[in-house]
Amino acid sequence: QVQLVESGGGLVQAGGSLRLSCAASGRTFSNIAMGWFRQAPGKEREFVATINRSGGSTTYADSVKGRFTISRDNAKNTVYLQMNSLKPEDTAVYYCAARSGPGYYRDDAYAYWGRGTQVTVSS
C-alpha cells in the first residue's frame, strides 16, 4: 500500500511557474517508479511525466516537453513536477501516481493515486 499526497497547486498567470510535490508513504519509495497525470474539465486523464526508481530516467508527454521537469528525492520520499512557461491549456487537476506495471503512459499501469491538486493558468 502506498499513500500519496500532492501539494503546490494554485493560480498562476500564463508564462509563470509552479512546483508540485507528492509525498509518499507506506512502502519503500525508492523501489517505485512514479508518474504525474492531469485531467482538465471535460477531458480524460492524460499522462504528463514519469521517472524511474533511481531518478536517472524520465519521460514526458510531447505537450510538456521542454517546459516541465519531473524529479525525485528518495531520502524525502517525494516526487516533484517543476512546471515552467505555463499555458492556459495546462489548467487541470494534477495527480501523482505510483507505477505497478508496464506502459508508463497508461493510467492502468499505476496502482496508487493521490487525490490531486488544482493548477489554474490564467491568460
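For clarity, every value in this text was computed on a predicted model and none was experimentally measured.
- How far CE of M34 is from OG of S71: 11.5 Å, rounded to the nearest 0.5 Å.
- Among residues two or more places apart in sequence or in another chain, the side chain to side chain contact (heavy atoms under 4.5 Å, CB included) test is passed with D90 by R38, R67, F68, L86, K87, Y94, V121.
- Identified under the disulfide (SG to SG under 2.5 Å) test for residues 31-85, with sequence neighbours left out: none.
- With sequence neighbours excluded, no residue satisfies salt bridge (Lys or Arg N to Asp or Glu O under 4.0 Å) with D73.
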Could you tabulate the donor-acceptor pairs under 3.5 Å formed by side-chain atoms of residues 7-26, not counting sequence neighbours?
unit_1, atom_1, unit_2, atom_2, d
S17, OG, N84, OD1, 2.9
S25, OG, Q3, OE1, 3.4

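- Applying the disulfide (SG to SG under 2.5 Å) rule to pairs touching residues 36-82 yields nothing, sequence neighbours excluded.
- A pairwise comparison of heavy atoms in Y110 and T50 identifies OH-OG1, 3.4 Å as the closest pair.
- Looking at residues two or more places apart in sequence or on another chain, you find no side-chain hydrogen bond (donor to acceptor under 3.5 Å, both in side chains) involving Q39.
- Side-chain atoms of V79 and W36, non-hydrogen and from C-beta on, do get closer than 4.5 Å to each other.
- Take S30 and apply the side-chain hydrogen bond (donor to acceptor under 3.5 Å, both in side chains) test, not counting sequence neighbours, and it matches no residue.
- Residue pairs meeting the salt bridge (charged side-chain N to carboxylate O under 4.0 Å, His left out) criterion with at least one partner in residues 3-12, sequence neighbours excluded, are absent.
- Looking at residues two or more places apart in sequence or on another chain, you find no ring-ring contact (aromatic ring centres under 6.0 Å, His included) involving Y80.
- Under the 4.5 Å side-chain heavy-atom criterion for Ile, Leu, Val, Met, Phe, Trp and Tyr, V5 and V119 are members of distinct hydrophobic clusters.
- Here the straight-line distance linking atom OH of Y95 with atom CG of L81 works out to 15.0 Å at 0.5 Å rounding.
- Residues satisfying the side chain to side chain contact (heavy atoms under 4.5 Å, CB included) criterion with A33, sequence neighbours excluded, are R99.
- When all heavy atoms of A109 and P102 are compared, the pair lying nearest together is CB-O, 3.2 Å.
- Residues passing the side chain to side chain contact (heavy atoms under 4.5 Å, CB included) test with A40 are K43, A92, sequence neighbours excluded.
- Interatomic distance, CD1 of I32 versus CG of N52, reported as 13.0 Å (0.5 Å rounding).
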Which pairs of donor and acceptor atoms, one on a side chain in residues 53-61, lie under 3.5 Å apart (sequence neighbours left out)?
unit_1, atom_1, unit_2, atom_2, d
S54, OG, G56, N, 3.2
Y60, OH, I70, N, 2.9

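- Residue Y112 is not grouped with residue Y104 when hydrophobic side chains (ILVMFWY) are merged at heavy-atom distances under 4.5 angstrom, including chains of intermediate members.
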